[in-house]
Amino acid sequence: MDKVNALIKDMEMKMAQEKIDCPCNLDELKVGVDLGTSNIVIIVLDKDNNPVTGAIESANVVKDGIVVDFIGAINILKRLKQQVEAKLGIELYEAATAIPPGIMSGNIKVISNVVEGAGFKVTKVVDEPEAAASVLNIQEGAVVDIGGGTTGISVMNNGKVAYSVDEATGGTHLTLVVAGNMNLPFTEAEGFKKSKENEKLILPIVRPVIEKMAHITMSNIPKEIKELYLVGGTSCLTGIEQVFEKYTSLRTIKPENPLLVTPIGIAMYAG
Ligand SMILES: Nc1ncnc2c1ncn2[C@@H]1O[C@H](COP(=O)(O)OP(=O)(O)OP(=O)(O)O)[C@@H](O)[C@H]1O
Ligand SMILES: [Mg+2]
């Protein structure tokens, strides 16, 4: 996991920089677009999958893999594209994007249309779990991507995704529980949940929902699975891996910043 953590740290650092001296020519850049329920992310890698730059914006334009605000999604993505292009001093033309498990073909087209609407030619549509697994570089085990709206569970076999499912429980449900418990409006509860200083307070409040996620995971993986890998923004929650480990009795591993794993993986499939 050290290599993965170093890769993500490097990407976070480059995303925070205002200007990037692009080390390679345009044809060699790999661009990935992740249209999530909570965040829209653009990631740029070089041809050897080293971080170049990226940009992220929180958004409410996609619900569980379905684009609910087509124009809004295009506008956010256009904005992110311009930000990244300004940092690099070049224009980007092509990108890979991704779909959650089990999505219907009509919705795949809509996701591609958003990415094309923002000015990219879509070169590849990859499965989100496959993207995450590429970054983690794992052969066996299950990848659990806990995003805003859903939890995607993918079983790996010989480095390939054997099968995946997407279940409608994610970070939004944790926020709703925090909102109810603390008597806060949703947006305040979202901020409260993510704040580092509240981390000790949050876990006991949301533990039943995390146990439910662990339960859903167990009911979707075969007995042979020995390890779980947690990715997605909700996996940022301090202690979530211990709750999973206790509930499932499976070794549970997560990178230091699980939020960027899937978006980085999508970019790896570009080019
Ligand atoms: N530090 C944090 N602590 C707890 N939760 C966090 C933290 N950072 C982000 N999250 C949660 O992660 C979720 C967003 O994660 P992510 O960006 O992976 O989702 P997404 O890809 O947009 O959604 P989906 O995959 O469900 O479509 C939100 O619910 C957000 O509240
Ligand atoms: Mg996601």
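Read the numbers this way: they start at 1 and go in the same order the structure lists the ligands and their atoms. For this chain, numbers begin at 1 and follow the sequence in order.
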From CA spacing to verdict: side chain to side chain donor-acceptor pair (under 3.5 Å), S58, N39: CA-CA 4 Å; S58 59; N39 291 302; 4.9 Å; no

Worked verdict on T262 versus D145 for side chain to side chain donor-acceptor pair (under 3.5 Å): CA-CA 8 Å; T262 303; D145 182 347; 3.0 Å; yes

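A side-chain donor from one of E190 and T175 sits under 3.5 Å from a side-chain acceptor of the other. A side-chain donor-acceptor contact under 3.5 Å links S134 and Y269. At a cut-off of 3.5 Å, with distance as the only test, no side-chain donor of T37 or K63 sits close to an acceptor on the other residue.
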Tell me which donor-acceptor pairs under 3.5 Å the side chains of residues 119-130 have, and how far apart each pair is, sequence neighbours excluded?
from, atom 1, to, atom 2, distance (Å)
T123, OG1, A95, O, 3.4

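Listed by chain and number, G36, T37, S38, N39, G147, G148, G149, T150, G171, T172, E190, K193, K194, G232, G233, T234, C236, L237, L259 each place a non-hydrogen atom less than 4.0 angstrom from ligand 1.
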